[in-house]
Amino acid sequence: MLSPKLYYVCLRYLKNDADAQDALQETFVTAYRKIDSFQGQGSFEGWIRRIAVNTCLAKLRIDKKQFEQEDYDLDKARILPEEEEYLQKEETEARLLLALKELPDGYRTIINLAILEDYSHREIGELLNITESTSRSQLTRAKAALKLKLEQR
Amino acid sequence: MKNSEHKQLDQLLKDKLSDGTASVPDFVWDRIEEELFPEKKRRGFFWWFFSGLCLVVIGGLLGVAFSGQKTHSQNTSLSNNSVPEQLNTPVLRTQHSMRKNKFITLNPAKTKGSLSAAADEHATKAGKYFDSNPDSYRNATKTSKHSDSPHHTYQNTNLRQKKSGSSLKKQSGSQTKSVSSNSGKLLSEKTQTDPLQPSNGKQESLNNRSTDQNSTDPATHSTSENQATQAKAESAIKADSISRKELSYAEILDLVKRDFSNNPDELDENKKNSLFSLGIYGGPSLYNTAAFKDYFSSGQLSKRTFASSGFELGLHARFKIGNRFRIYAGLAFNQKQTQFNYNLAITEFDYFTYLVNGEKVPLANIRDDGANSCFLAKDVLVRYQIQSALISLGTQFEFLKMGRFSAAADLRLSCNIYSSLKLKETRVLDIQKPNSENFSYFQPGAGLLLNYEINSWISVGLSPFFSKQFYLKESSSRKMDELVIPVTVSFNL
């Protein structure tokens, strides 16, 4: 079944469950109406997953300003001592997901796209209307912010 | 963070979160179904709406029919009841024959049982003022005016009676005394004391016979005393006849009025006083609207064309105030359709990466290495449908009336009770959201009502009406001016 996977994708991108449910609904409606555009070149799962991701991005409407505003989190993360203890802990899926949800939209989106969806920085740049270098730097900051969140737990 | 830490974190995230699942709440599926297949629900609404409208119209028509029957039955019962009660004469029972044949005579002999009762009634009224006073009675009756043709027969009868005055003089004093004292009594006594007069038969022949009998009666002798008394009696009879005429004609005219109440002129007069009327209208809607900027104008649009069509159906219940003003409450259904055609290139989430510059760009020429290539589009056709149900309050002022034609100014304020904006068709590009939305607005307007009265019940007309919509929630996408030109059918209740 695709729907639990797609719903999980939506939950990863969006902060609250209601938004994720809306995004899932829109994903299926879009897929139903655009089924003609699926030409069978790739997997259907990949195609519909892409719709889900784009739907979530459309909901987030991230722009450059958001990334600029989120830099303070990175500064805080740098101040913290580099400890690897948090990695040694057995991080549960729920704890990771919660930490991810607590991140600002921009950071969460970058992590989702770059790490979990394997998008290239160029693709991310085009999707979010930012440059590749911005995408890279934002990913670094996002990881640092996530690490901070996990340490605080 | 060290490079190894990055890798560890990446791996951790991938392991834990990349292929996770979560159960989807059931209501999400309901919402998806509702969005994909909304027709059932919408159709249901419109079925209800139109059923209600039809019921109101049918109810109105039945009301018209019922009120018509009621009026007719009232008239009929009035005519049936009034004739025998007021004048219990066979002649008056049939108004048509009465009119045609004239009133031949008033022969007490014939109307012994029936007319005498009416005469008694009349005499009772008259007796209040003229009891035992023939002179005053006579003087009073002189003021009565009689000029209609049916009176001729009465007058003829009187003349005959006058002519037979000499024979009357020969009649007994007791008879004349009773005559002068009370006309009703006269009638009854006369018929009772004259055994030669039959109670049936043609009145005219009876009169002649009576006259002949009187004139040839050898047993009667006139004296000077009797002459004076008989002269009084003659006058009393004459006065009574005139009085009877007045009574009869007043009643006759009244009955004629009632029995001929299906006279169209009379009904017209009644109908014009009707306060309530029901109007049904329907017609095309000419309107313009903004470009739905929220969803279509944020990108590079080019060669945009626009087409629209629509209609409105409605119902007005009107209440007349004075001769020229009407206020009304209404219910209407309005449907519009808007179609845009334009060329554009669009990514899924409103980032217009490519500029089309007003020309068609072959898809192959558009370079897109990203994930959204399947959402690129060109030559877009978008068709929207807007439906509204409205309630309205308004007033009409009739400023011109020429025979059956009339013209009225119409001011109205409407408020939507239901509205829907729905994306019905996209030929190439599928706009993700929203496919439909609800909105609220007020719609003041002014119009003209040109009316032609077919008959007292039904009028038809043309009522162009211009209105402007003001939305409760600020929106740049819908600024609508509308001109509806409906044909109106009105039923006067």
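This structure is a prediction, so every number in the text was calculated from the model and none was measured. Below, read A as the first sequence line, B as the second, and so on, with proteins coming before strands; counting in each chain starts at 1.
Minimum interatomic distance between Leu13(B) and Leu116(A) (heavy atoms only, all atoms of both residues): O-CD2, 3.4 Å. Contact detail for Glu35(B) and Gln25(A): the closest heavy-atom pair is OE1-NE2, 2.6 Å.
Contact annotation for Leu100(A): only side-chain heavy atoms (C-beta onward) come within less than 4.5 Å of a heavy atom of chain B. No part of Asp17(A) comes within reach of chain B, as not one of its non-hydrogen atoms sits under 4.5 angstrom from that chain. In this structure, chain B has no heavy atom under 4.5 Å from any part of Leu6(A). When heavy atoms are compared at a cutoff of 4.5 Å, Leu11(A) approaches chain B solely by way of its side chain, counted from C-beta outward.
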Between side-chain atoms of residues 17-24 of chain B and protein atoms elsewhere (two or more places apart, or another chain), which donor-acceptor pairs fall under 3.5 Å?
unit_1, atom_1, unit_2, atom_2, d
Ser18(B), OG, Lys14(B), O, 2.4

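For the set Glu117(A), Gln21(A), Lys5(A), the count of heavy-atom pairs under 4.5 angstrom toward chain B peaks at Gln21(A).
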Could you walk me through whether Asp22(A) and Arg31(B) pass the side chain to side chain contact (heavy atoms under 4.5 Å, CB included) test, one step at a time? CA-CA 9 Å; Asp22(A) 287 347; Arg31(B) 280 160 45 183; 2.3 Å; yes
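When the shell of 6.0 Å around CG of Asp26(B) is examined, it contains 12 or fewer heavy atoms from other residues, nucleotides or ligands.
We find the CG-CG distance between Leu9(B) and Leu96(A) to be 8.0 Å, quoted to the nearest 0.5 Å.
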